[in-house]
Amino acid sequence: MRGNRKRSSNSAGLTDIHRRLFGAFGPQHWWPGDTQLEIAVGAILTQNTAWSNVEKAIAVLKSHRLLTLERLTPLSPTEIAPLIRSAGFYNIKAARLAAFLGWLKSTGGFAGLRRIPTAELRAQLLACHGIGPETADSILLYALSRPVFVVDTYTRRILSRYGLIVGDEHYDTLRAMFESTLPRSTRLYNEYHALLVRLAKTNCRSQPSCDSCPLA
DNA sequence: GCCCAGGTGTTTC
DNA sequence: GAAACACATGGG
């Protein structure tokens with residue numbers, strides 16, 4: 001009962017937010033990354049970290065010609081850590097990258113993932129040490145083109161400010177809210193999340209009011 | 001110098 | 001479960 005009422009208002013709200021953001025910013029053609037591996041690596045490195053710091057680490061990996069599965073997978077966390085120093089939490093993230101790469105190797109690389117259903121793929125990603133719901137969904141959506149909505153800090157902050165959520169809902173609750181009210185579309189989820197990030201980076205932040213905000 | 005940034009795992013109550 | 005904490009760099 002309460003859920004239905006909430007869902008219908010969210011449906012209009014979520015669609016409205018997308019319409020306004022798309023009108024203001026246009027298509028984003030996201031995620032910043034040239035290959036599936038680069039996108040997945042970026043998704044892990046950006047955990048609680050500014051993207052500008054992640055870019056530096058990616059550049060170091062690229063400069064060493066290490067951004068391929070063949071070259072990166074054999075490296076130990078100890079070898080990876082100094083290379084990704086600028087991304088912060090480098091010891092933790094080196095171990096997480098190694099765990100992810102180990103899993104990826106066991107499945108036969110990105111090509112081997114194509115036959116795995118999205119729900120199963122998500123479960124396997126979450127089973128990797130250091131890959132939580134946001135990182136898993138970022139990889140699913142942006143590296144693997146699966147229709148999964150990514151909920152991040154920006155999503156919470158903006159929706160909370162817009163009054164659609166309280167802000168402390170569980171991750172899967174918010175993901176389900178998007179996925180059950182919007183058409184199931186990789187393209188749409190990709191653009192929508194990218195637009196939320198664009199808004200967060202462009203202006204407003206936590207300001208109580210902002211005249212130039214498309215959601216004002 | 002302080003605060004924050006596209007989280008996650010562990011520990012503790 | 002949920003709250004507190006560790007993990008670390010770089011820019012404002």
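Heavy atoms only: backbone and side chains are in, while hydrogens, waters and symmetry mates are out. Order of the sequence lines fixes the chain letters, A, B, ..., with proteins taken first and strands second; residue numbering starts at 1 for each chain.
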(request) Could you check which of C:dA8, B:dG9, B:dT8 has an atom nearest any side-chain atom of A:His129? (result) B:dG9
(request) Could you check A:Ala136 against A:Ala50 and say which one's nearest nucleotide on DNA chain B is further toward the 5' end? (result) A:Ala50
(message) Please report the distance, rounded to the nearest Å, between CG in A:Leu83 and P in C:dT9.
(response) 15 Å
(message) Looking at A:Asn91, I'd like to know whether one of its side-chain N or O atoms comes within less than 4.0 Å of OP1 or OP2 on C:dA8.
(response) yes
(request) Check every atom of B:dT8, C:dA8, C:dA2 against the side chain of A:His170 and return the nucleotide holding the closest atom. (result) C:dA2
(message) Here's a test of your reading of the structure: between A:Ile131 and A:His193, which maps to the more 5' nucleotide of DNA chain B?
(response) A:His193
(request) Report yes if at least one side-chain N or O of A:Tyr90 is closer than 4.0 Å to OP1 or OP2 of C:dT9; otherwise report no. (result) yes
(message) Need to verify one output field. Residue with the more 5' nearest nucleotide on DNA chain C, A:Ser52 or A:Thr49?
(response) A:Thr49
(message) Within the 4.0 Å heavy-atom criterion, would you say A:Arg85 contacts the bases, only the backbone, or no part of the nucleic acid?
(response) sugar-phosphate
(message) What's the gap between B:dT10 and C:dA8 when it is taken at their P atoms, as a whole Å value?
(response) 15 Å
(message) Regarding A:Asp172 and A:Arg122, does a basic nitrogen lie under 4.0 Å from an acidic carboxylate oxygen?
(response) yes
(request) Assess whether ring-ring contact (aromatic ring centres under 6.0 Å, His included) is satisfied between A:Tyr192 and A:Phe22, documenting all intermediate values. (result) CA-CA 8 Å; A:Tyr192 201 150; A:Phe22 192 85; over 10 Å; no
(request) For the side chain of A:Glu134, starting at C-beta, report the closest nucleotide among C:dC7, B:dG9, B:dG7. (result) B:dG7
(request) Using atom CD1 of A:Ile44 as one end and atom P of C:dT9 as the other, report the distance to the nearest whole Å. (result) 20 Å
(request) State whether A:Arg157 places a side-chain N or O below 4.0 Å from either non-bridging phosphate oxygen (OP1 or OP2) of B:dA5. (result) yes
(request) Could you state the atom-to-atom distance from CD1 of A:Ile84 to P of C:dA8 in whole Å? (result) 9 Å
(message) Using whole Å, what does the distance between atom P of nucleotide B:dT8 and atom OH of A:Tyr171 come to?
(response) 8 Å
(message) Under a 3.5 Å threshold, yes or no: a donor from one side chain and an acceptor from the other, between A:Gln124 and A:Trp103?
(response) yes
(message) Could you check whether A:Arg20 pairs with A:Asp16 (Lys NZ or Arg NE/NH1/NH2 to Asp/Glu carboxylate O, under 4.0 Å)?
(response) yes
(message) Please confirm whether the shortest side-chain N or O distance from A:Thr153 to OP1 or OP2 of B:dA5 is below 4.0 Å.
(response) no
(message) Rounding to an integer number of Å, can you tell me how far A:Arg96 CZ sits from B:dG9 C1'?
(response) 7 Å
(message) At 4.0 Å (heavy atoms only), tell me whether A:Lys56 reaches a base, stays on the sugar-phosphate, or touches nothing.
(response) sugar-phosphate
(request) Scan side-chain atoms only and decide if A:Glu55 and A:Ser52 contain a donor-acceptor pair under the 3.5 Å cut-off. (result) no
(request) Find the distance A:Asp152:CG to B:dT8:P and express it as a whole number of Å. (result) 10 Å
(request) Nearest whole angstrom, please: distance from the C1' of B:dG7 to the CD of A:Gln47. (result) 5 Å
(request) Report the relative orientation of the aromatic rings in A:Tyr189 and A:Phe149; use parallel for angles under 30°, tilted for 30 to 60°, perpendicular for over 60°. (result) perpendicular
(request) Can you tell me the distance, in whole Å, between the CG atom of A:Asn53 and the P atom of C:dT9? (result) 10 Å
